[in-house]
Every structure is written in C-alpha cells, then in structure tokens.
Enquirer: 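Dropping the structure in here first, questions after.
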Amino acid sequence: MRSARMDQSVRKRRHSASSATEADVLIVGGGPAGLAAAIYLGRFRHRVVVVDAGESRAMLIPQSRNCPGFPEGISGPDLLQRLRAQAAEYGATLVQDQASSIEPTLGGFGAETNAGRIVARKIFLATGIVDVVPAIPRLGEAIARGSVRLCPVCDGYEVIDRRVAVIGHEAKALREALFLKQYTQHVTLLARYLPDFSASTRRVAMEENIAICDTFKKFVPSENGYEAILKDGEVRHFDVIYPAMGCRVRSELALAMGIECCDEGYVVVDKHQRTSVDGVYAIGDLVKALNQIAVAFGQAAIAATDAHNDLTLGYE
C-alpha cells in the first residue's frame with residue numbers, strides 16, 4: 001500500500017501537469033533565430049511559446065546595414081521588436097523569463113521557468129553566445145556609437161579608411177586583422193607583451209603591412225574613438241576597436257539535457273538542425289556557423305519546417 005506521502009507527491013505532480021502551459025513547440029531564446037522560428041511555426045498553425053531572458057546578442061547592434069531588406073539599416077532592438085510583433089500576430093506566446101531546466105516527459109518535454117511549467121512536444125534551443133571583450137571603459141556607449149565593434153563581417157564596410165585596432169588572442173586577432181585590411185590600410189594589432197605574438201604571426205603581419213604594438217597598457221575614451229596608452233607612455237589614437245577574444249556559448253541547457261556539443265561548446269546538429277536528442281532542435285549562434293542574422297533566419301526556417309512535417313504530417 002502506498003504511503004500518504006507518496007499519494008500527496010502524485011497529486012502534486014498531477015496538479016502541476018494540469019496547470020502547466022501546453023505548446024506544440026517551446027522555443028528557448030528570443031533572438032532573430034528563435035523569433036523567426038516562432039513566425040514560421042505560427043504560420044504552420046502550431047501552438048508556440050517563446051521564453052526569452054532578454055539577453056539577445058542582437059540587442060547590442062546600434063545599426064545593421066547588411067540585414068537583407070533594410071537598405072537604410074535597422075537597429076537590433078528595432079529588428080527584435082518587429083520580429084516579436086510578427087510572431088505574436090501569428091499566435092506565438094512570448095514570455096519574458098528564463099528556462100532553468102528541461103526534461104523529457106511522456107510525449108515531449110517539460111520546462112521549468114520562474115513563471116511556471118511549460119510542456120511541449122518539441123524544443124527549439126536558440127540561446128546564442130556572449131562575446132568576450134577586454135576591459136574597455138564605457139563599453140556600452142562605445143558599442144552604441146560604433147567605436148567598439150564586435151563583428152567585422154557585419155560592419156567592416158563601415159570602417160573604410162578608418163584607424164582600427166584589433167585586440168585578442170593571436171590566431172583570432174590576426175585573422176580579424178587580415179579580414180579588415182580589405183576595408184582599411186590602417187590596422188594595428190595590440191599586444192601587452194612581446195611573446196603574445198609568434199614569429200610567424202609577426203612575419204604575416206609585416207607582409208600585410210599590419211602594425212603591431214607590443215606594449216599596450218589600457219584604453220582611454222576620446223571624443224572620436226579611443227586612445228591606446230602604451231607602457232612607455234606613448235599614445236596611439238584609434239577610431240574603432242575590434243575585440244577578437246572569442247565567445248562563450250550558452251549551451252548549459254543543452255549539456256544538461258545530454259545533447260552532443262563540440263569541444264568549443266556549440267551544439268552539434270544535422271542538416272535539419274536536429275540535435276542528438278530526438279525532438280530537440282538548435283538554431284542561431286548556438287550552432288557553429290557564420291554568426292549572421294540571415295543565417296539564423298535560414299536555420300529557423302529549416303528547423304521549423306522539419307518540426308512541422310514531423311508534428312503534423314508524420315514524416316521527416
């Protein structure tokens with residue numbers, strides 16, 4: 001015979017399940033990838049819930065001029081607001097919250113959030129990445145005015161003929177400096193110590209006319225960019241700083257679910273954006289690819305269509 005405590009536990013679980021928000025698809029992350037997926041799934045007439053902690057990397061974009069369809073440019077916050085409105089138009093429920101855990105349940109998954117439990121048949125992970133940056137005074141203001149930029153693929157065009165400093169780990173910094181040379185001849189690599197860059201890196205930099213400062217100490221904001229203060233007191237002015245220090249992948253939820261990730265932390269997916277756990281998809285910067293809004297949109301469309309076919313039509 002079951003104990004009274006066991007009966008009470010069962011009643012609690014049943015009550016929790018009955019009061020949970022139900023969805024066909026739960027999307028964790030409200031950046032461009034997650035919201036684009038919500039639009040597609042909503043138009044496929046599925047019940048969609050988007051849980052968003054409000055930390056999308058796109059929020060940092062002051063003005064994107066390479067987002068297709070916006071020749072005049074669009075800010076990250078404006079783009080996200082448009083995507084949220086479009087997703088809501090097609091029935092998606094948008095929740096400002098954070099998913100603390102996701103576990104398999106009978107017929108799907110159960111996610112715990114501060115606002116309560118959400119049960120869904122499919123999960124889309126779109127939790128993205130966080131850029132690693134050095135100690136730069138007034139970083140938020142600098143990103144807003146374009147004195148610090150995080151993605152040369154996105155905005156290298158905007159630094160044509162400007163004085164650019166790249167700071168970061170050797171291989172990443174050199175690669176970024178070489179990329180930026182197609183836009184400006186005024187590119188400098190900053191190092192704190194002589195051993196920071198190898199002889200081979202220095203040879204390539206010299207061949208490509210990329211300067212190297214070996215005694216960088218700190219940045220000081222100026223009216224039109226930043227002053228780089230060197231250890232001997234010399235001052236170099238730069239219009240733009242590009243950190244090339246990599247990123248932290250927000251794959252904690254995926255790892256907790258036992259989903260396969262690569263050594264760098266990115267979620268491993270197949271051609272349909274499916275992860276190693278059946279019913280779970282990963283899209284956007286959480287997946288190792290070109291970190292671009294257009295790519296996120298494409299991944300969202302692929303994953304949403306595959307999930308729809310499986311949910312509604314029963315084929316892959």
Side-chain angles (χ1 to χ4, degrees), residues 57 60-62 66 128-143 145-251 261-266 285 288-292:
R57 188 169 179 248
L60 297 174
I61 300 173
N66 76 331
I129 61 174
V130 178
D131 293 288
V132 177
V133 297
I136 300 178
R138 302 176 189 172
L139 179 62
E141 297 174 24
I143 291 174
R145 68 173 185 263
S147 296
V148 173
R149 296 178 179 270
L150 302 175
C151 178
V153 174
C154 300
D155 52 34
Y157 190 92
E158 274 66 54
V159 303
I160 289 175
D161 295 333
R162 303 186 75 188
R163 289 164 293 187
V164 174
V166 179
I167 182 169
H169 307 301
E170 181 176 15
K172 291 180 182 295
L174 179 61
R175 186 166 60 247
E176 200 146 305
L178 290 169
F179 184 90
L180 287 162
K181 277 300 297 291
Q182 65 187 305
Y183 299 107
T184 177
Q185 294 301 305
H186 312 293
V187 180
T188 300
L189 287 168
L190 297 180
R192 293 188 182 276
Y193 304 100
L194 191 65
D196 285 355
F197 294 127
S198 64
S200 60
T201 292
R202 293 175 184 279
R203 184 174 58 253
V204 172
M206 184 176 66
E207 291 170 353
E208 297 296 330
N209 197 29
I210 296 171
I212 296 179
C213 285
D214 286 311
T215 59
F216 168 72
K217 183 178 180 181
K218 63 180 180 179
F219 289 113
V220 175
S222 68
E223 186 176 349
N224 298 307
Y226 276 88
E227 310 291 350
I229 311 300
L230 307 187
K231 291 178 182 177
D232 62 2
E234 183 183 352
V235 178
R236 301 279 185 92
H237 176 80
F238 295 102
D239 302 309
V240 178
I241 301 167
Y242 273 98
M245 305 178 75
C247 63
R248 179 180 65 81
V249 186
R250 287 191 176 119
S251 52
C261 296
C262 73
D263 292 340
E264 297 168 273
Y266 293 99
D285 292 349
K288 189 171 185 179
L290 185 62
N291 294 338
Q292 293 287 289

Enquirer: For Glu141, give me all partners under salt bridge (charged side-chain N to carboxylate O under 4.0 Å, His left out), at least two apart in sequence or on another chain.
Expert: none
Enquirer: Show the nearest heavy-atom pair for residues Ser222 and His237, with the distance to one decimal.
Expert: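 Heavy atoms of Ser222 and His237 come nearest at OG-CE1, 3.3 Å.
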Enquirer: Are any non-hydrogen side-chain atoms of Val240 and Ser147 less than 4.5 angstrom apart?
Expert: no
Enquirer: Got a sec, which residues hit side-chain hydrogen bond (donor to acceptor under 3.5 Å, both in side chains) with Tyr226, two or more places apart in sequence or on another chain?
Expert: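 Counting only residues at least two positions away or on another chain, Tyr226 forms no side-chain hydrogen bond (donor to acceptor under 3.5 Å, both in side chains).
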Enquirer: State the CG-SG distance between Asp131 and Cys151, to the nearest 0.5 angstrom.
Expert: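 These two atoms lie 8.5 Å from each other.
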Enquirer: Measuring from Phe238:CZ to Ile167:CD1, what's the distance to the nearest 0.5 Å?
Expert: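 The CZ atom of Phe238 sits 10.0 Å away from the CD1 atom of Ile167.
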Enquirer: About how many Å separate CG of Leu139 and CD1 of Ile143, when rounded to the nearest 0.5 Å?
Expert: 4.0 Å
Enquirer: Considering all heavy atoms of both residues, which atom of Ala244 and which atom of Val166 are nearest to each other, and what is their separation?
Expert: CB-CG1, 4.0 Å
Enquirer: If you measure from the Lys or Arg side-chain nitrogens to the Asp or Glu carboxylate oxygens, is any gap between Arg236 and Glu227 under 4.0 Å?
Expert: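 Not counted as a salt bridge, because no side-chain N and carboxylate O are separated by less than 4.0 Å.
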Enquirer: Could you state the interatomic distance from CD1 (Ile129) to OG (Ser251), rounded to the nearest 0.5 Å?
Expert: 11.5 Å
Enquirer: Identify the two heavy atoms, one from Pro243 and one from Ile136, that lie closest to each other, and give their separation to 0.1 Å.
Expert: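 So the minimum-distance heavy-atom pair works out to CG-CD1, 4.5 Å.
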Enquirer: Can you list everything that forms a salt bridge (charged side-chain N to carboxylate O under 4.0 Å, His left out) with Lys218? Sequence neighbours excluded, please.
Expert: none
Enquirer: Taking the side chain as C-beta and beyond, is there a heavy-atom pair between Gln292 and Asn66 under 4.5 Å?
Expert: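 Side chain of Gln292 against side chain of Asn66, heavy atoms only: contact under 4.5 Å found.
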Enquirer: Under the side-chain contact (heavy atoms from CB on, under 4.5 Å) rule, collect the residues that match up with Phe179, sequence neighbours excluded.
Expert: Pro152, Val153, Gln182, Tyr183
Enquirer: What residues, two or more places apart in sequence or in another chain, satisfy salt bridge (charged side-chain N to carboxylate O under 4.0 Å, His left out) together with Arg145?
Expert: none
Enquirer: Looking at Ala228 and Leu190, what are the two nearest heavy atoms and their distance?
Expert: CB-CD1, 4.5 Å
Enquirer: Can you pull the salt bridge (charged side-chain N to carboxylate O under 4.0 Å, His left out) pairs that have at least one residue in residues 159-180, sequence neighbours excluded?
Expert: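 Only Arg163-Asp239 qualify under salt bridge (charged side-chain N to carboxylate O under 4.0 Å, His left out).
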Enquirer: Report, one line per pair, each donor and acceptor closer than 3.5 Å where one atom sits in a side chain of residues 202-217; sequence neighbours left out.
Expert:
unit_1, atom_1, unit_2, atom_2, d
Arg202, NE, Phe197, O, 3.1
Arg202, NH1, Asp214, OD1, 3.2
Arg202, NH1, Asp214, OD2, 3.2
Arg202, NH2, Leu194, O, 2.6
Arg202, NH2, Asp214, OD1, 2.7

Enquirer: Salt bridge (charged side-chain N to carboxylate O under 4.0 Å, His left out) with Glu158: which residues, sequence neighbours excluded?
Expert: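 Listed in chain order: nothing, the list is empty.
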Enquirer: What's the separation between atom CD1 in Ile61 and atom CZ in Arg149, rounded to the nearest 0.5 Å?
Expert: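 Spacing of CD1 (Ile61) from CZ (Arg149) equals 11.5 Å.
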Enquirer: Within the structure provided, determine whether Lys231 and Tyr193 are in side-chain contact (heavy-atom separation under 4.5 Å).
Expert: yes
Enquirer: Can you tell me how far apart CG (Leu150) and CG (Asp155) are? Round to the nearest 0.5 Å.
Expert: 8.0 Å
Enquirer: Please report the shortest heavy-atom distance between Met245 and Val133, naming the atom on each side.
Expert: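 So the two residues come closest at SD-C, 3.8 Å.
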Enquirer: How about Arg57 and Asn291: do any of their side-chain heavy atoms sit closer than 4.5 Å?
Expert: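 Of all side-chain heavy-atom pairs linking Asn291 with Arg57, at least one is under 4.5 Å.
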Enquirer: Just jot down the side-chain contact (heavy atoms from CB on, under 4.5 Å) partners of Val130, sequence neighbours excluded, or say none.
Expert: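 Per chain and number, Val130 pairs via side-chain contact (heavy atoms from CB on, under 4.5 Å) with Arg248, Arg250.
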Enquirer: Looking only at heavy atoms, what is the nearest atom pair of Tyr266 and Asp285, with distance?
Expert: CE2-O, 3.4 Å
Enquirer: According to salt bridge (charged side-chain N to carboxylate O under 4.0 Å, His left out), does anything in residues 186-198 pair up with another residue at least two apart or in another chain? List the pairs.
Expert: none
